[in-house]
2 protein chains.
Amino acid sequence: MKIEEKTMDGRYLRSIMTRQKLLDAARELFYEVGFEKTTISKIIKRAKTGYGTAYVHFKGKDELLIMLMENVMQAFLDMADTPFLPTSKSDAKQLILKQVTAFLNMAKSNEKIMTVFSEAIGLSQSVNEKWNEIRQINIHFITKDITYAQTMGLARTDLQAEIVAKSWFYTNENYQWAIIQNATTSSIEDIAWTITTMYVDGLYLDFEQ
Amino acid sequence: MKIEEKTMDGRYLRSIMTRQKLLDAARELFYEVGFEKTTISKIIKRAKTGYGTAYVHFKGKDELLIMLMENVMQAFLDMADTPFLPTSKSDAKQLILKQVTAFLNMAKSNEKIMTVFSEAIGLSQSVNEKWNEIRQINIHFITKDITYAQTMGLARTDLQAEIVAKSWFYTNENYQWAIIQNATTSSIEDIAWTITTMYVDGLYLDFEQ
DNA sequence: TTATAATACTGACACCGCGTCAATATGTTT
DNA sequence: AAACATATTGACGCGGTGTCAGTATTATAA
């Protein structure tokens, strides 16, 4: 089988190992000194490879980070299209609260890499583009959810779904960065509850029944 | 008079001119090729001065931009402590709508420099710090306004003022960047109205009177 | 087994941007 | 016109980037 042939190829194995050594070294350095202060020279020195080798495996520092982010990025994308089919305002609130909490907790539990990522968003074109993808996809799904709630007669229809969706995502995103930087005194639960309450009470309709 | 003496000093006058030439060249280049691609070499070449001269007048590229931003920064700060003394929910809504509209319009009318600024926030430590000052001051005043509304019995008290304030500022800020990047199809009026409505309806209390 | 091909690794090199500073030019005062 | 004060200058050292011709290692063919 071709796969086995390739696995058995000593050169291929070696290149996989080298690649991994570079990824490990890069991760360590990103955590220790941040994205900007990490250089290719430092990475290859720690990985014990030659300078040019880094460029054989990756386009540069940016790509190294993007590879390290793959898992987290995928988690963000998976999270975006969680089913959302509320039957009432309180049901919606519960679902949204759960999702916000999950979103903020995911950021918190990937604190280290997210910190590097947030630094790199400003510094690297390609990292910035990656994050914008996640933004767009999230906003798209939130818009869909709002439209659904409006169709079901749960949410007011005088508000444009997309504008609301952006506003809601921005709030979540910014709290995410704040939490990662420990720039907030409130707990995740308090934050999640507060912003969810405001969001739901601002968007959803009340029924006296 | 000392001022006149200084004005009459040819050396001082020359240095003022040189400084201005550098600022002009920097502005042009920032607009033409952005912050990152503008270099000191390009600036001094356009300003027709020697290389070291730029460093006599400014610490570097960052400071050049900060000087160019001075007016806009001041406008942001002035805007932050606009008096806010609403007597009712609808009064509050009107005041807030006015302020949001002003905020977004200010960004739009300073589009070029704000675009450079947003690029530089990720790239330059000092520019980032400057913007964070503006963030903090704004959040401080918004918190104060919310607390006032709560004291007056206009806004619900089960929400923590500071969390709400941050969330509100983040929304405004992100729409500001979106507008500057033309990353939005909605008009400023629609955006301002939608986010204000959500905000006010989520935070303020209704009275049946 | 040995020659040849394929693949992976390497570091010297050319380039670019930064900030400094000793030297120089220009303007002012005595 | 000498001495002083101030402003300007560009060559230099530093550190980062990405490339590429050459070298080493492994696989395959003869």
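Just so it is clear, the structure is predicted and the values come from calculations on it, not from any experiment. Lettering follows sequence order; numbering is per chain, from 1.
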With sequence neighbours left out, which residue pairs that include part of residues 179-202 of chain B fulfil the ring pair (Phe, Tyr, Trp, His ring centres under 6.0 Å) condition? B/W168-B/Y199
Check this for me, if you would: do A/D201 and A/K93 make a salt bridge, where the nitrogen-to-carboxylate-oxygen distance has to be below 4.0 angstrom? no
Could you check how far [atom1] of [X] sits from [atom2] of [N], rounded to whole Å?
{"X": "A/L13", "N": "C/dC9", "atom1": "CG", "atom2": "P", "result": "12 Å"}
{"X": "A/K48", "N": "C/dA8", "atom1": "NZ", "atom2": "P", "result": "23 Å"}
{"X": "B/I44", "N": "D/dT8", "atom1": "CD1", "atom2": "P", "result": "13 Å"}
{"X": "B/I43", "N": "C/dG19", "atom1": "CD1", "atom2": "P", "result": "11 Å"}
{"X": "A/K59", "N": "D/dT17", "atom1": "NZ", "atom2": "P", "result": "17 Å"}
{"X": "A/K45", "N": "D/dG16", "atom1": "NZ", "atom2": "C1'", "result": "15 Å"}
{"X": "B/F58", "N": "D/dA7", "atom1": "CZ", "atom2": "P", "result": "14 Å"}

What side-chain donor-acceptor pairs closer than 3.5 Å can you find for residues 99-111 of chain B, not counting sequence neighbours?
| residue | atom | partner | partner atom | Å |
| --- | --- | --- | --- | --- |
| B/Q99 | NE2 | B/M79 | O | 3.4 |
| B/T101 | OG1 | B/L97 | O | 2.6 |
| B/N105 | ND2 | B/T101 | O | 3.2 |
| B/K108 | NZ | B/N182 | OD1 | 3.3 |
| B/S109 | OG | B/N105 | O | 3.0 |
| B/S109 | OG | B/M106 | O | 3.2 |
| B/N110 | ND2 | B/M106 | O | 2.9 |

Ignoring hydrogens and geometry, is there a side-chain-to-backbone donor-acceptor pair from [X] to [Y] under 3.5 Å?
{"X": "A/T18", "Y": "A/R14", "result": "yes"}
{"X": "A/S15", "Y": "A/Y12", "result": "yes"}
{"X": "A/Y170", "Y": "B/N172", "result": "no"}

Residue pairs, two or more places apart or on separate chains, that pass salt bridge (Lys or Arg N to Asp or Glu O under 4.0 Å) and touch residues 28-47 of chain B: B/E28-B/R46, B/E32-B/R46
The complete set of salt bridge (Lys or Arg N to Asp or Glu O under 4.0 Å) pairs with one or both residues in residues 57-78 of chain A, sequence neighbours excluded, reads none
All N/O pairs under 3.5 Å across the protein-nucleotides 21-26 of chain D interface:
| residue | atom | partner | partner atom | Å |
| --- | --- | --- | --- | --- |
| D/dT26 | O2 | A/R11 | NH1 | 3.2 |

Protein N or O to nucleotides 13-18 of chain C N or O, pairs below 3.5 Å:
| residue | atom | partner | partner atom | Å |
| --- | --- | --- | --- | --- |
| C/dC18 | OP2 | B/I40 | N | 3.1 |

Report the residues that fulfil side chain to side chain contact (heavy atoms under 4.5 Å, CB included) with A/A47, sequence neighbours left out, ordered by chain and then residue number. A/K21, A/L22, A/A25, A/T49
Qualifying residues under side chain to side chain contact (heavy atoms under 4.5 Å, CB included), relative to B/T38, sequence neighbours excluded: B/L29, B/F30, B/V33, B/I43
Distance-only check: which donor-acceptor pairs under 3.5 Å involve side-chain atoms of residues 136-145 of chain B, not counting sequence neighbours?
| residue | atom | partner | partner atom | Å |
| --- | --- | --- | --- | --- |
| B/N138 | ND2 | B/I134 | O | 3.0 |
| B/T143 | OG1 | B/I139 | O | 2.7 |

Do the non-hydrogen side-chain atoms of A/E162 and B/S186 ever get within less than 4.5 Å of each other? no
Phosphate OP1/OP2 of C/dT10: any A/T53 side-chain N/O under 4.0 Å: yes
Under 4.0 Å between a side-chain N or O of B/H57 and OP1 or OP2 of D/dT8? yes
By a strict heavy-atom criterion of less than 4.0 Å, which residues belonging to residues 18-34 of chain B are in contact with DNA chain D? B/T18
Please confirm whether the ring centroid of B/F76 lies under 6.0 Å from the ring centroid of B/W131. yes
All ring-ring contact (aromatic ring centres under 6.0 Å, His included) counterparts of B/Y204, not counting sequence neighbours: none
The helix from C/dT1-D/dA30 to C/dT30-D/dA1: angle between end helix axes, five pairs per end, rounded to 10 degrees: 30°
